[in-house]
Amino acid sequence: MSILLISNDNDYLYELLTIEGISLDKNRNLSTLINYDIIIINNFKFDSHSVKIFERICRLGKSIILINPDNFIEKRLNLKTKEQTNPYTINYKSEIITIIHYNFVKTIYTLNMGNDAVYDKNGVYRANTTSTVRESERSFPKADFLKRELVNIIQDVSDYPIPRVWYLPYKKLAGVIFTHDSDEVGDEEIGKINYIDNQNNIKATTFMLLKTGNPKSWRSFKSSKQELQLHQAYFYLPNTPEKLSKLLSNLITNPITLKFQECSLRLQKYLLSKIAKIEISGVRNHGLFWHRKDNIPLWMHNAGIEFDSTLGGVSEYGYLHGTGLPYFLRMPKTYKKLNVLEFPLHIMDYIYFRYWNKYREITRKFLDNGLKFNSIITFDFHHKLLAKKEILKWYLETINYAKQKGFLINNMSFYNDFWRKKLLVETKDIKFENGRLTYNVLNNKVNGLTQILPLEFQNRKLEMIAVDGKRISIQRLKVHNRFYAMFEIGKKGEIVADYR
């Protein structure tokens, strides 16, 4: 039993479904459909030959999901108008076909990446999200909802309960990453916050400007067991007079200036790595500087950057990029995957100045939503603002609240490593006979690997799960209106689940 995805999007939908923990095979044509139980066809250009193959598959009783079907197949199947936005089913040649009319991957890409940057009144290019994402939509991860809705559709057409790799290890419901930006501070402030983080037994990530601190304080990160990464400085001209704004905007976006900034990224990464004697693999751009979706992500990719945490808001908070989970940056037209994992920034400490009378309430409510939506929440507390007693108190309260709620707290490198390994895990050799589900987990290099299975399937209830012949305990949870059993398998692989 297996799932096949046919899609011409540089494996973008494949990544989105593996984020949701589903194992599937991929192809770009209709030549190998017979051996699969569920076939997902996304953004596929049909012709007369491929339609004949499609109709032959329909007669074999396969479960088919069509996403953003083209005009050719629409006319052949006599589908409803493109104005139909909700998924629906049709009966075609005795086979039920599920139709999702809109361009699913483009929608997710737009939510995750926002628009190209705009030059704001503070004199910096930032990703244009806070002005385009309505405040009422910032409290929930819209892109994650859409992906999980697709997962529910796949499960509904399946003849077996689909195993899924969970978003986090060790049966954790959600995670938190605490980060610091080292703007305009000295060695003492940097050392103080590292000490506080160690005293609170958390691993945080500091993004360091080259003009901040000195080589001695940079090297101290290795002995303090806290993480050091690059706070990349682009052209950042705060509080620009309005008369100069257009001139500076043209200067910053000049091709020569852009090339200089790309080279500057490589140079700053090299210098910090060489002087601090620490391998630099992550960045956050100073001022959350952004430009176009087809240049800065590519610069990071070419410079060997593995993760970034620039996309977010300064004085706004929430799921501004539609997700509580990391995702790989991609080029806008081709969806070519770049080897840069984006950790969207959800809450920066500057919300203190905008929401000074309710910033604690905002933080706790958002963390509660993070548990509900199974997110990895990223915070940014600047060293210079943590010098303020009230903000330091808020930071410590946030750490304690996240611990009390059971969040998995770790630095960005930990999550970068985990996420890449998680996406490589495969579920193979699936069989479902007489209520017994069996399968193997392959390519597992994740400590504490966790999976989930539906608690009910076809009026049968999950009675038992065994890993390598040993019965294990489960944790019940709800994900996007469906109930699941969560269990940890570690590095082991043979799973048996009985439904009665």
Side-chain angles (χ1 to χ4, degrees), residues 9-16 18-19 105-120 124-130 132-133 143 177 179 181 205 207 229-236 252-255 257-270 280-314 319-346 376 378 380 412-413 415-416 419-420 423:
D9 58 6
N10 273 315
D11 297 334
Y12 191 14
L13 183 56
Y14 178 83
E15 180 197 337
L16 297 177
T18 52
I19 284 175
V105 295
K106 184 178 180 180
T107 301
I108 299 295
Y109 185 85
T110 302
L111 288 168
N112 284 170
M113 295 300 295
N115 297 319
D116 284 329
V118 292
Y119 192 71
D120 69 13
V124 61
Y125 268 97
R126 292 193 178 104
N128 185 17
T129 52
T130 55
T132 57
V133 181
I177 304 172
T179 68
D181 291 353
T205 299
F207 292 99
Q229 299 295 347
L230 175 64
H231 200 30
Q232 158 73 346
Y234 289 98
F235 284 135
Y236 177 43
I252 290 171
T253 58
N254 180 280
T257 310
L258 290 174
K259 188 63 179 177
F260 172 80
Q261 292 178 92
E262 180 182 4
C263 295
S264 173
L265 167 60
R266 291 171 179 265
L267 178 61
Q268 291 178 60
K269 175 178 179 285
Y270 172 79
I280 300 300
S281 55
V283 299
R284 173 179 290 141
N285 296 336
H286 183 44
L288 302 188
F289 181 92
W290 202 250
H291 188 226
R292 293 202 317 266
K293 290 174 283 193
D294 62 354
N295 58 18
I296 283 189
L298 189 60
W299 300 349
M300 292 190 287
H301 171 83
N302 292 337
I305 297 296
E306 289 190 7
F307 59 87
D308 171 70
S309 186
T310 298
L311 295 180
V314 176
Y319 296 106
L320 300 176
H321 289 269
T323 182
L325 299 171
Y327 54 92
F328 282 99
L329 297 177
R330 289 177 177 266
M331 298 298 282
K333 293 181 179 179
T334 63
Y335 299 134
K336 178 184 177 182
K337 178 181 175 182
L338 304 174
N339 193 37
V340 183
L341 197 58
E342 180 67 28
F343 289 85
L345 174 60
H346 298 104
I376 300 172
T378 301
D380 182 16
M412 208 163 279
S413 283
Y415 276 107
N416 173 59
W419 201 256
R420 290 169 183 271
L423 295 183

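Sorted by first and then second residue, the side chain to side chain donor-acceptor pair (under 3.5 Å) pairs with a member in residues 323-332 read Glu15-Arg330, Asp144-Thr323; sequence neighbours excluded.
Put simply, OH on Tyr415 and CG on Leu325 are 10.5 Å apart, with the number rounded to the nearest 0.5 Å. The structure places CG of Asn339 at 11.0 Å from CG of Asn302, a figure rounded to the nearest 0.5 Å. A distance of 10.5 Å separates CG of Asp380 from OG1 of Thr205, quoted to the nearest 0.5 Å. With values rounded to the nearest 0.5 angstrom, Ser309 atom OG is found 10.0 Å from Asn285 atom CG. Atoms NE2 and CG, from His346 and Leu311 in turn, are 10.5 Å apart once rounded to the nearest 0.5 Å.
Take Lys259 and apply the salt bridge (Lys or Arg N to Asp or Glu O under 4.0 Å) test, not counting sequence neighbours, and it matches Glu262. Shown here are the side chain to side chain contact (heavy atoms under 4.5 Å, CB included) partners of Thr107, two or more places apart in sequence or in another chain: Tyr102, Leu111, Leu146. Here Tyr12 pairs with Tyr335 under the ring pair (Phe, Tyr, Trp, His ring centres under 6.0 Å) rule; sequence neighbours left out. A search for salt bridge (Lys or Arg N to Asp or Glu O under 4.0 Å) contacts involving Asp308 returns nothing, not counting sequence neighbours. Not counting sequence neighbours, the partners of Leu423 by the side chain to side chain contact (heavy atoms under 4.5 Å, CB included) test are Thr18, Ile19, Phe328, Trp419.
What you find for Gly312 and His321 is that their closest heavy atoms are N-NE2, 3.7 Å. Closest of all the heavy-atom pairs between Ile376 and Pro326 is CD1-CD, 4.0 Å.
Residues Met113 and Leu329 meet the side-chain proximity criterion, which asks for heavy atoms closer than 4.5 Å. Using a 4.5 Å heavy-atom cutoff, the side chains of Ile305 and Lys269 are in contact. The shortest distance between side-chain heavy atoms of Gln261 and Ile296 does not fall below 4.5 Å. Residues Phe207 and Met412 have side chains in contact (heavy-atom distance under 4.5 Å, counting atoms from C-beta outward). At a threshold of 4.5 Å between non-hydrogen side-chain atoms, the residues Glu342 and Pro297 do not count as touching. Side-chain contact between Phe307 and Ser413 is present, with at least one heavy-atom pair separated by less than 4.5 Å. A heavy-atom distance below 4.5 Å is found between the side chains of Leu345 and Arg284. A heavy-atom distance below 4.5 Å is not found between the side chains of Thr310 and Phe289.
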For this session: Would you sort out whether Arg420 and Leu341 count as a side-chain contact (heavy atoms from CB on, under 4.5 Å), showing the intermediate values?
Result: CA-CA 9 Å; Arg420 290 169 183 271; Leu341 197 58; 4.2 Å; yes
For this session: Report the C-alpha separation of Leu230 and Leu265 in whole Å, then their side-chain angles, then the decisive distance to 0.1 Å, and conclude whether the side-chain contact (heavy atoms from CB on, under 4.5 Å) test is met.
Result: CA-CA 9 Å; Leu230 175 64; Leu265 167 60; 4.2 Å; yes
For this session: Before giving the answer on side-chain contact (heavy atoms from CB on, under 4.5 Å), spell out for Met331 and Leu338 the whole-Å C-alpha distance, their side-chain angles and the decisive distance to 0.1 Å.
Result: CA-CA 7 Å; Met331 298 298 282; Leu338 304 174; 4.0 Å; yes
For this session: For side-chain contact (heavy atoms from CB on, under 4.5 Å), just list the numbers for Lys333 and Asp294, CA-CA rounded to whole Å, side-chain angles, deciding distance to a tenth of an Å, and then say yes or no.
Result: CA-CA 9 Å; Lys333 293 181 179 179; Asp294 62 354; over 6 Å; no
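Side chain of Asn112 to main chain of Ala143: no donor-acceptor pair is present (N/O by atom type, distance under 3.5 Å, no hydrogens or angles). In this structure, Thr110 contributes its side chain and Lys106 its backbone to a donor-acceptor pair below 3.5 Å.
Taking the six-membered ring for Trp and thresholds of 30 and 60 degrees, His286 and His231 have ring planes more than 60 degrees apart, a perpendicular arrangement.
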